[in-house]
Amino acid sequence: MSKRALITGITGQDGSYLAEHLISLGYQVWGLTRGQANPRKDRVSRLIPDLRFVDGDLMDQGSLVSAVDAVQPDEVYNLGAISFVPMSWQQPELVTEVNGTGVLRTLEAIRMVSGLNKPAARAGATGQIRFYQASSSEMFGKVAQTPQTETTSFHPRSPYGVVKTYGHYITRNYRESYGMYGVSGILFNHESPRRGAEFVTRKISLAVAQIKLGLQEKLSLGNLDAERDWGFAGDYVRAMHLMLQQDEPRDYVVGTGRMHTVRDVARVAFECVGLNWEDHVVIDPGLVRPAEVETLCADSGSARKELGWAPEVDFTGLIQMMVESDLGQAQLVHEYGSVLSGVRW
Ligand code: NAP
Ligand code: F7E
């Protein structure tokens, strides 16, 4: 019988790649969607016709219990979050509710539906619903060592990072308290042509496409010196799935082990279309964060050894993929009008 998976955050970047991956492995996949007439639900259902949907919101405990009960999943992937770090300074309470208490609510829904409060169920995780939590390299923040491993201490620098740290520890606590198979993937930045336009890589690839076509002149950026370990989202969802297939639940760091600056992203992206980034990028001090994460680099030795995971797309390949996708889409819109703008991701 095919396995059943429930994904929160299905309308986001990772949700769509994970759903495609699980369906390719023979899973039946349900995505949790919230709200009324969510346009992002239409977009993902066009992209993945075999996907099923169930209503729910990480802010609403009852809806999560109903969703888990209705789907009866073998695996739950909690990818839902407000994931743009600057928003966590603007609306810290909302981010805490969704990204922090939302994890607790999902764990509680699994516990209630599985009957994990019963002592007999505590003895072993076998046959229980397996849970994946989307933890983040933002938890390392002001890094204690480079590269970062599963044992590197946390020093988050944003409300987002602080709240993700709560989600990380509450997942570990449910594993230790109830024998739940719950794991956290500490994922470093991962990008794709489906990345939100507010994140720096996509902001750059979209601007490069517009500038190449003469539709925009300048691109405003903040801290060009920030260093990140950027990988491809399609590679990282394979690691999420592998983490739930192990005999023993444990947390893993997932990244490429290569660091680049925001300046490198701009240089490579503009080079893809034969332009010089220095002719187009302007600095906007308003985009610099109240407390910055200056540098992040993963040591994914455990994931490589124990999960057999390795990334397939390198930094230059990733930026090229994003620029080519945005240029192709911008050319279509430019030639045929805005009626086409909603067709692709
Ligand atoms: P994303 O594209 O921003 O997607 C976020 C998803 O969360 C959307 O589907 C959104 O759905 C959903 N969501 C927001 N509020 C919700 C709520 N109240 N209830 C239910 N769903 C809600 O994020 P992503 O890049 O795919 O990242 C997936 C997860 O990994 C997130 O938890 C993120 O924090 C974490 N993470 C990401 C990275 C990265 O580099 N991408 C690295 C480490 C960790 P709507 O359409 O309803 O808004
Ligand atoms: O910023 C700098 C900015 O917003 C990257 C999320 O998926 O990964 C992501 O968080 C760096 C930062 O991603 C601009 O200051 C410069 O140092 O693309 P970002 P992020 O904050 O690293 C982690 C792992 C997550 O978990 C998050 O959910 O780029 N930067 N100039 C800029 N960033 C943006 N957005 N816009 C700029 O103009």
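In each ligand, atom 1 is the first atom listed, and ligand 1 is the first ligand listed. Position 1 is the first residue of the sequence, and the numbers go up from there.
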**Q** So, are Asp251 and Arg175 salt-bridged, with charged N and O less than 4.0 Å apart?
**A** yes
**Q** Have a look at Pro86, Ala233, Ser83 and point out the one with the heavy atom closest to atom 27 (C) of ligand 2.
**A** Ser83
**Q** Considering only non-hydrogen protein atoms, determine which one is nearest to atom 31 (N) of ligand 2 and report residue, atom name and distance to 0.1 Å.
**A** Gly222 N, 2.8 Å
**Q** State the atoms of ligand 2, each with its element, that fall below the 4.0 Å cut-off from a heavy-atom position in Phe84.
**A** 4 (O), 35 (N)
**Q** In terms of side-chain geometry, is the basic nitrogen of Glu278 or Arg267 positioned less than 4.0 Å from the acidic oxygen of its partner?
**A** no
**Q** Work out which heavy atom in Ser16 is nearest to a heavy atom in Arg194; give both atom names and the distance.
**A** OG-NH1, 3.0 Å
**Q** Considering only non-hydrogen protein atoms, determine which one is nearest to atom 19 (P) of ligand 2 and report residue, atom name and distance to 0.1 Å.
**A** Arg289 NH2, 3.7 Å
**Q** Give the atom numbers and elements of ligand 2 that come within less than 4.0 Å of a heavy atom of Lys203.
**A** 37 (C), 38 (O)
**Q** Provide the number and element of each atom of ligand 2 under 4.0 Å from a heavy atom of Val85.
**A** 10 (O), 21 (O)
**Q** Angle between ring planes, His190 versus Tyr236, binned at 30° and 60°: parallel, tilted or perpendicular?
**A** tilted
**Q** Find all atoms of ligand 2 within a distance of less than 4.0 Å from any non-hydrogen atom belonging to Glu292, and give their numbers and elements.
**A** 3 (C), 12 (C), 15 (O), 17 (O)
**Q** Give the atom numbers and elements of ligand 2 that come within less than 4.0 Å of a heavy atom of Leu287.
**A** 38 (O)
**Q** May I ask you to say whether Lys142 pairs ionically with Glu294, meaning some side-chain N is under 4.0 Å from a carboxylate O?
**A** no
**Q** Would Arg4 and Glu75 count as a salt bridge (charged side-chain N to carboxylate O under 4.0 Å, His left out) here? Give the steps.
**A** CA-CA 7 Å; Arg4 302 156 77 91; Glu75 297 170 7; over 6 Å; no
**Q** Of the options Thr149, Thr146, Thr152, Asp229, which is the one that meets Asp299 in a side chain to side chain contact (heavy atoms under 4.5 Å, CB included)?
**A** Thr149
**Q** Within a 6.0 Å radius of atom CD on Glu217, are there more than 12 heavy atoms belonging to other residues, nucleotides or ligands?
**A** no
**Q** Where does the angle between the aromatic ring planes of His280 and Phe270 fall among parallel (under 30°), tilted (30 to 60°) and perpendicular (over 60°)?
**A** parallel
**Q** For Ala226, counting its heavy atoms only, list the atoms of ligand 2 lying under 4.0 Å from any of them.
**A** 17 (O)
**Q** Is the shortest distance from a Lys or Arg side-chain nitrogen in Arg105 or Asp60 to a carboxylate oxygen in the other one below 4.0 Å?
**A** no
**Q** Is Arg195 positioned over the aromatic face of Phe199, cation under 6.0 angstrom from the ring centre and no more than 45 degrees off axis?
**A** yes
**Q** For the pair Glu292 and Arg157, find out whether any cationic side-chain nitrogen is under 4.0 Å from an anionic carboxylate oxygen.
**A** no
**Q** At a 4.0 angstrom heavy-atom cut-off, what protein residues surround ligand 1?
**A** Gly9, Ile10, Thr11, Gly12, Gln13, Asp14, Arg34, Asn38, Arg40, Asp57, Leu58, Met59, Leu79, Gly80, Ala81, Ser83, Val98, Ala134, Ser135, Ser136, Tyr160, Lys164, Leu187, Phe188, Asn189, His190, Arg195
**Q** Counting heavy atoms only, which of Ile283, Val200, Val262, Thr295 comes nearest to atom 33 (N) of ligand 2?
**A** Val200
**Q** Given Asp284, Asn189, Val288, identify the one with the heavy atom nearest to atom 22 (O) of ligand 2.
**A** Asn189
**Q** With nothing but distance in play, are any N or O atoms of Phe199 less than 3.5 Å from an N or O of ligand 2?
**A** no
**Q** Looking at non-hydrogen atoms alone, which of Glu138, His190, Arg195 comes nearest to atom 7 (O) of ligand 2?
**A** Arg195
**Q** Distance from Phe188 atom CZ to Arg258 atom CZ, nearest 0.5 Å?
**A** 14.5 Å
**Q** Which residue and non-hydrogen atom of the protein lie closest to atom 35 (N) of ligand 2, and at what distance in Å?
**A** Glu198 O, 3.0 Å
**Q** Mark up the atoms of ligand 2 that fall under 4.0 Å of a heavy atom belonging to Ser137, in ascending order.
**A** 24 (C)
**Q** Assess whether a salt bridge exists between Arg130 and Asp74, defined as any Lys/Arg side-chain N lying under 4.0 Å from an Asp/Glu carboxylate O.
**A** no
**Q** Out of Ser136, Ala81, Ser158, who gets a non-hydrogen atom closest to atom 26 (O) of ligand 2?
**A** Ser136
**Q** Geometry only, no angles: is Arg228 polar-contacting ligand 2 at N/O separations under 3.5 Å?
**A** yes
